[in-house]
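Since the structure comes first, as structure tokens, the remarks are kept for the end.
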Amino acid sequence: MIEIEKLRVGDYSVNCYIVHESARKDCVLVDPGYEPEHILHHLAEENLTPGAILLTHAHFDHIGGVCPIVAATGVPVYLGPEATDLPDWLMRGYALPGEDEENRANRKLLPEELHILREGDKISLAGIEFSVLETPGHAVGSLCYLCGDNMLSGDTLFCGTYGRTDLPGGSPADMVRSLAKLKALPGDYNVYPGHGEITTLARERDTNPGMA
């Protein structure tokens with residue numbers, strides 16, 4: 001059985017997810033945007049070992065903890081095509097607690113080796129098969145991941161709303177198409193968004209204005 005735990009991290013209350021099979025001790029991290037020490041400490045307490053990082057997009061609040069976790073564990077990082085084609089400020093963000101401007105400007109954003117996932121890809125990580133959907137609109141290279149009856153939707157689909165499209169790399173027209181793609185998926189999914197509360201695709205089809 002797939003288990004998904006939510007850790008809310010950072011000033012922007014990003015949902016970092018820990019995805020693992022209940023019978024296994026390896027796991028996948030999704031969007032570890034802040035507080036890498038807290039995330040690693042929590043994994044150690046739960047006797048879980050990270051095997052990979054999946055990113056839904058490359059905004060600073062979703063990638064800020066990636067490099068420290070990679071440095072500590074050596075795990076591979078997966079993200080969408082052109083996901084890093086963003087202005088530096090949108091990937092680097094603001095200074096972290098205790099960080100001065102010089103450190104912020106020189107902070108490493110992502111590891112040099114990145115694994116690119118595209119529409120229709122299927123990848124097995126920690127014994128779980130993830131199916132990849134390209135869902136641009138909030139940012140270039142945005143991805144949603146399906147695993148079992150679960151959807152990790154990043155900042156594409158939220159409970160009752162959807163991600164903003166006015167930042168560089170965003171596109172209202174792309175968001176309309178991406179939400180239509182999610183709406184057209186057969187069946188129902190538990191939806192784990194990048195911020196806010198967990199919902200279901202059935203609920204969003206019925207109530208979300210973006211899926212009207």
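Each residue takes its place number in the sequence, starting with 1.
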Check your understanding: Can you check side-chain contact (heavy atoms from CB on, under 4.5 Å) on Leu152 and Val191, steps first, answer last?
Key -> CA-CA 6 Å; Leu152 298 143; Val191 176; over 6 Å; no

Is there a donor in the side chain of [X] and an acceptor in the side chain of [Y], or the other way round, less than 3.5 Å apart?
X	Y	result
Glu5	His20	no
Glu45	His41	yes
Asn15	Tyr17	yes
Asp26	Thr49	no
Glu204	Thr199	yes
Thr135	Thr156	yes
His62	Asp155	yes

From [X] [atom1] over to [Y] [atom2], what is the distance, rounded to the nearest 0.5 angstrom?
X	Y	atom1	atom2	result
Lys25	Leu43	NZ	CG	11.5 Å
Leu179	Ser153	CG	OG	10.0 Å
Thr200	Ile198	OG1	CD1	11.5 Å
Ser142	Glu82	OG	CD	11.5 Å
His115	Ile53	NE2	CD1	11.0 Å
Ile123	Ile128	CD1	CD1	12.0 Å

Under a single-linkage definition using a 4.5 Å side-chain heavy-atom cutoff for Ile, Leu, Val, Met, Phe, Trp and Tyr, are [X] and [Y] assigned to the same hydrophobic cluster?
X	Y	answer
Val14	Trp89	yes
Leu109	Leu55	yes
Leu125	Leu48	no

Counting only heavy atoms not in [X] (residues, nucleotides, ligands), do more than 12 fall under 6.0 Å from its [atom1]?
X	atom1	answer
Glu102	CD	no
Asp149	CG	yes
Tyr162	OH	no

Check your understanding: Does the side-chain contact (heavy atoms from CB on, under 4.5 Å) test come out yes or no for Leu114 and Tyr78, once each step is laid out?
Key -> CA-CA 6 Å; Leu114 296 170; Tyr78 298 83; over 6 Å; no

Carboxylate-amine/guanidinium contact [X] [Y], below 4.0 Å:
X	Y	result
Asp174	Arg177	yes
Arg8	Glu197	yes
Glu3	Arg24	no

Under the 3.5 angstrom rule, does the side chain of [X] hit a backbone N or O of [Y] as a donor-acceptor pair?
X	Y	value
Tyr145	Gly154	no
Thr165	Ser171	no
Arg92	Arg104	yes
Asn208	Thr161	yes

Practice item. Test Thr84 against Leu79 for side-chain contact (heavy atoms from CB on, under 4.5 Å), laying out the working first. Key: CA-CA 9 Å; Thr84 59; Leu79 76 173; 4.0 Å; yes

Should [X] and [Y] count as side-chain neighbours, where that means a heavy-atom distance under 4.5 Å?
X	Y	result
Tyr189	Asn150	no
Met151	Asn190	no
Val75	Val70	yes
Met211	Leu182	yes
Glu119	Lys181	yes
Val30	Cys16	no
Val77	Leu54	no
Phe130	Val19	yes

Check your understanding: Any idea how His57 and His59 line up, ring-wise: parallel (<30°), tilted (30 to 60°), or perpendicular (>60°)?
Key -> perpendicular

Check your understanding: Looking at Tyr12 versus Phe60, is the centre-to-centre ring distance below 6.0 Å?
Key ->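 Under 6.0 Å, so yes.
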
Review point. Could you walk me through whether Leu185 and Leu133 pass the side-chain contact (heavy atoms from CB on, under 4.5 Å) check?
Key: CA-CA 11 Å; Leu185 290 171; Leu133 299 173; 4.0 Å; yes

Exercise for review: State which residues pass side chain to side chain donor-acceptor pair (under 3.5 Å) with Asn103; sequence neighbours excluded, sorted by chain then number.
Suggested key: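 Side chain to side chain donor-acceptor pair (under 3.5 Å) check on Asn103 returns Asp100.
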
